[in-house]
Amino acid sequence: MTLKAVRGFKDILPDEAKKRQRIEEGARRVFASCGLEEIRTPILEKTEVFARGIGEHTDIVEKEMYTFEDRNGELLTLRPEATAGILRAVIEHKLYNKAPVLKLFTIGPMFRHERPQKGRLRQFHQLNAEFIGSSSPLADADCIFLAYEIVSMFADSEDLILEVNSLGCPECRPLHRKDLVLFLNNNRDDLCKDCKRRSKTNPLRVFDCKNEECQQVLKFAPVMKHYICPECASHMGRVLDALEAYGIPFVQNPYLVRGLDYYKRTTFELKARGLGAQSTVAAGGRYDGLSQLLDGPELPGVGMAVGVERLLLLMKDGAEPKRSDLFIAALGDEARTEALYWLGYLRRKGLKVEYSLEDKSLKSQMKQADKAGARYCLIVGEKEMDEEEAILRDMKTREQETVDLDDLPEILVEKLKRDRKILEGD
RNA sequence: GUGGGCGUAGCUCAGUUGGUUAGAGCGUCGGGUUGUGGCCCCGGAGGCCGAGGGUUCAAGUCCCUCCGCUCACCCCA
């Protein structure tokens with residue numbers, strides 16, 4: 001077989017690239033409207049950044065990272081998520097001294113060695129936002145606002161469900177965890193194999209179990225709600241109030257858990273119908289304390305990520321038709337040379353002008369003009385060259401007129417201006 | 001890592017109980033006015049039928065192995 005792209009890595013072909021551009025442009029508008037600035041960090045980081053940031057015992061770090069030694073024997077990793085790298089950059093450049101609160105976004109590829117399936121690739125792309133330096137619940141709400149706004153630009157809001165939860169803090173979370181582990185151990189015999197394993201590795205995950213019997217048992221399990229400290233409770237309350245004020249519908253899900261160790265307090269997932277098993281299109285949460293894990297100062301933070309591929313899955317397809325202002329059909333070498341002059345001239349004026357790279361018959365050039373979605377077609381042959389004129393054809397009305405070559409720019413600009421208001425600066 | 005489904009032109013797919021030169025639609029290119037697009041008509045190019053092995057006089061069709069894609073578990077955006 002011929003060479004193929006690596007498993008889980010996909011080529012983004014022109015039609016899809018167009019959709020992604022729309023997503024990115026939309027996201028940038030929303031980010032800007034909330035006052036975020038762009039940051040771009042390297043795709044490659046020292047493995048340590050993720051091992052310490054995300055947590056040694058998470059699935060991501062234990063078995064999903066693209067990690068390798070470079071030629072100097074240094075352990076490097078293709079970023080599996082954005083937050084750890086951004087925080088590393090913030091700490092390294094002491095950005096936190098520039099402003100009390102940093103509002104940053106980034107857009108780019110992430111890498112995780114998982115088994116590909118619907119909505120899950122090994123190279124995937126995220127729209128990422130981070131509020132660093134604020135412990136205000138309003139920052140949490142703004143993050144959720146961003147996720148919700150961006151996703152609902154492209155997806156039917158009927159299909160969206162926002163789930164919110166608080167994981168508590170280092171004060172109250174351990175109490176719940178301890179009791180939960182105790183409970184799970186006492187009911188060990190009634191749990192499925194996976195839950196037995198989970199109760200050791202990541203006890204909160206048992207709540208995700210789809211097994212009926214496990215769910216029966218879990219009905220009586222200790223719930224975080226009863227352990228949450230007053231500070232965390234009030235924080236959560238203020239986040240929810242802010243969401244109400246923003247007019248964003250949500251449900252509370254006390255069992256919502258995150259896969260990364262660094263999350264504290266607020267956590268959320270925006271789920272969508274129609275995505276299959278990977279139903280989360282955006283997610284995020286608060287990560288106070290992550291900075292210290294990376295040797296930084298105490299810096300509270302909250303962030304979110306939108307999965308671009310999953311958003312793509314939610315978008316109605318329907319490629320927009322091609323459009324261009326003019327197609328120049330030239331016949332003969334002399335006419336071609338003349339065409340190049342006009343091509344350069346009109347393109348520099350900002351018009352979209354196309355022509356045939358190959359020496360083709362007029363008929364086939366006309367077909368090409370049609371496919372290019374040309375509004376007008378300029379026909380220049382030997383006859384026209386001799387008279388220093390050309391035929392300008394309106395592709396919509398099929399009307400043609402003979403124009404003097406020197407008048408061509410004015411005539412075209414006039415016509416196109418009338419058509420649409422494309423050419424302000426002219 | 002584990003399981004299910006599927007691999008036939010660029011794309012979507014037909015291919016009868018194994019039987020001779022493997023088909024269609026769309027797309028692509030050309031022709032129907034030796035200088036005029038869309039619709040229509042005609043024609044061309046394009047397939048080691050995922051790869052390797054086996055059964056058979058005969059394999060796209062049956063069997064085995066591998067590879068790939070896909071969905072799900074797991075996990076997550």
Side-chain angles (χ1 to χ4, degrees), chain A residues 1-8 10 13 15 54 58-64 80-83 107-129 147 150-151 192-195 197-198 201-202 205 208-211 256-260 268-272 275-285 303-314 321 327 329-332 335 356 358 360-384 390-400:
Chain A
M1 271 302 261
T2 43
L3 287 171
K4 298 185 68 178
V6 175
R7 184 158 154 88
K10 267 184 32 180
L13 304 180
D15 281 348
I54 297 170
T58 55
D59 270 21
I60 293 180
V61 171
E62 277 184 351
K63 47 193 191 205
E64 293 174 3
E81 57 98 46
T83 305
I107 298 175
M110 310 293 158
F111 304 85
R112 261 124 98 158
H113 191 110
E114 297 178 275
R115 194 83 172 258
Q117 73 182 74
K118 187 174 182 182
R120 191 170 78 186
L121 296 177
R122 289 181 174 180
Q123 178 184 336
F124 59 102
H125 299 75
Q126 288 188 339
L127 313 168
N128 224 268
I150 292 171
V151 172
C192 71
K193 200 174 82 220
D194 283 332
C195 283
R197 175 178 53 79
R198 278 189 278 243
T201 54
N202 197 347
R205 279 282 171 203
D208 289 340
C209 187
K210 276 134 195 139
N211 189 307
L256 189 64
V257 181
R258 309 268 61 225
L260 292 68
F268 70 93
E269 282 190 30
L270 189 54
K271 297 184 177 175
L275 284 182
Q278 313 301 315
S279 59
T280 302
V281 60
M304 72 90 195
V306 178
V308 174
E309 283 75 10
R310 292 184 186 176
L311 197 47
L312 238 19
L313 248 24
L314 294 175
F327 188 95
L331 298 163
S356 171
E358 322 296 329
K360 293 261 183 84
S361 71
L362 179 58
K363 175 175 180 157
S364 111
Q365 291 193 53
M366 293 300 291
K367 280 190 181 175
Q368 197 183 331
D370 192 54
K371 252 173 254 155
R375 183 66 187 82
Y376 296 96
C377 183
L378 187 75
I379 300 166
V380 211
E382 276 154 42
K383 244 182 286 175
E384 289 75 22
I391 298 167
L392 186 61
R393 180 182 177 88
D394 184 320
M395 295 297 276
K396 219 180 266 172
T397 64
R398 315 180 69 165
E399 284 164 359
Q400 304 194 158

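Naming: A, B, ... by sequence-line order, numbering from 1 per chain.
Scanning atom types as modelled, no donor and acceptor separated by under 3.5 angstrom connect the side chain of E114(A) and the base of G1(B). Side-chain atoms of Q365(A) and base atoms of U36(B) include no donor and acceptor less than 3.5 Å apart. For G30(B), the base has no donor-acceptor partner in the side chain of K367(A) [N/O atoms by modelled type, under 3.5 angstrom]. A donor N or O paired with an acceptor N or O is not found under 3.5 Å between the base of C71(B) and the side-chain atoms of R115(A). Between the side chain of Q117(A) and the base of C74(B), a donor-acceptor pair under 3.5 Å is found.
Here the separation of G3(B) from C11(B), taken at their P atoms, is 30 Å to the nearest Å. A distance of about 15 Å separates the C1' atoms of A59(B) and G52(B), rounded to the whole Å. A gap of 15 Å separates the C1' atoms of C48(B) and G7(B), to the nearest Å. The same atom, P, is picked in C39(B) and in A45(B); the two are 23 Å apart, to the nearest Å. Distance noted for atom P between U28(B) and G10(B): 15 Å (whole Å). A gap of 23 Å separates the P atoms of A22(B) and C13(B), to the nearest Å. Taking the P atoms as reference points, U17(B) lies 43 Å from G38(B), given to the whole Å. Comparing G31(B) with G19(B), their P atoms are spaced 40 Å from each other, to the whole Å.
At the heavy-atom level, L121(A) lies under 4.0 Å from base atoms of the strands shown. Across all strands, A369(A) comes closer than 4.0 Å to no nucleic acid atom at all (heavy-atom distances). E64(A) comes within 4.0 angstrom of sugar-phosphate atoms only, judged by non-hydrogen atoms across all strands, and of no base. No engagement by K63(A) is indicated, since no non-hydrogen atom pair under 4.0 Å with the nucleic acid exists. G284(A) comes within contact range of no nucleotide atom at all, as no heavy-atom separation falls under 4.0 Å. Residue-level contact check: E358(A) touches neither bases nor backbone, having no heavy atom under 4.0 Å from any strand. Within 4.0 Å (heavy atoms only), K10(A) reaches no atom of the nucleic acid at all. In this structure, I391(A) reaches the bases: a heavy-atom distance under 4.0 Å links it to at least one base atom across the strands shown.
No side-chain N or O of Q365(A) forms a donor-acceptor pair with one of S356(A) less than 3.5 Å apart.
When the nucleotides U36(B), A77(B), G35(B) are ranked by their closest atom to the side chain of A305(A), A77(B) comes out on top. Considering only the side chain of F124(A), A77(B) comes nearest among U70(B), A77(B), C74(B). Here the nucleotide nearest the side chain of Q126(A), chosen from G30(B), A77(B), U36(B), is A77(B). The nucleotide whose nearest atom lies closest to any side-chain atom of R393(A) is, among C29(B), A77(B), G37(B), G37(B).
Pair check for C62(B) finds G54(B); Watson-Crick or G-U wobble, both atom distances under 3.5 Å. Using Watson-Crick or G-U wobble geometry with both donor-acceptor distances under 3.5 Å, A24(B) finds its partner in U12(B). Pairing for G68(B) is with C6(B), a Watson-Crick or G-U wobble pair whose two hydrogen-bonding atom distances lie under 3.5 Å. C73(B) is paired with G1(B) under the Watson-Crick or G-U wobble criterion, all donor-acceptor distances under 3.5 Å.
With rounding to whole Å, R112(A) atom CZ is found 14 Å from C74(B) atom C1'. Distance, Q368(A) CD to U36(B) C1': 14 Å, rounded to whole Å. Between the P atom of A77(B) and the NZ atom of K271(A) lies a distance of 12 Å, rounded to the nearest Å. One can place CZ of R120(A) at 13 Å from P of G1(B), the figure rounded to the nearest angstrom. L392(A) places its CG atom 21 Å from the P atom of G35(B), with the value rounded to the nearest Å. Summarising the geometry, the separation between CZ on R7(A) and P on C71(B) is reported as 11 Å, rounded to the nearest angstrom. K363(A) has its NZ atom 9 Å from the C1' atom of G30(B), to the nearest Å. Counting to the nearest Å, the C1' atom of C71(B) and the CG atom of L313(A) are 13 Å from each other.
Within the 4.0 Å cut-off from OP1 or OP2 of G30(B), at least one side-chain nitrogen or oxygen of S364(A) is found.
Of all heavy-atom pairs between L313(A) and K118(A), the closest is CD2-CG, 4.2 Å. Considering all non-hydrogen atoms of both residues, A147(A) and A282(A) come closest at CB-CB, 4.1 Å. Closest approach of V306(A) and M304(A) over heavy atoms only: CG2-SD, 3.8 Å. Between S364(A) and K360(A), the closest heavy-atom pair is OG-CB, 3.1 Å.
Enclosure of atom CD in Q400(A) by more than 12 non-hydrogen atoms of other residues, nucleotides or ligands within 6.0 angstrom is indicated.
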E64(A) and R122(A): CA distance, side-chain angles, deciding distance, side chain to side chain contact (heavy atoms under 4.5 Å, CB included) verdict: CA-CA 9 Å; E64(A) 293 174 3; R122(A) 289 181 174 180; over 6 Å; no

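Note that the CZ atom of R120(A) and the CZ atom of R112(A) stand 9.5 Å from one another [nearest 0.5 Å].
Residue-to-nucleotide proximity on RNA chain B shows that, of E384(A) and R398(A), the 5′-proximal contact is made by E384(A).
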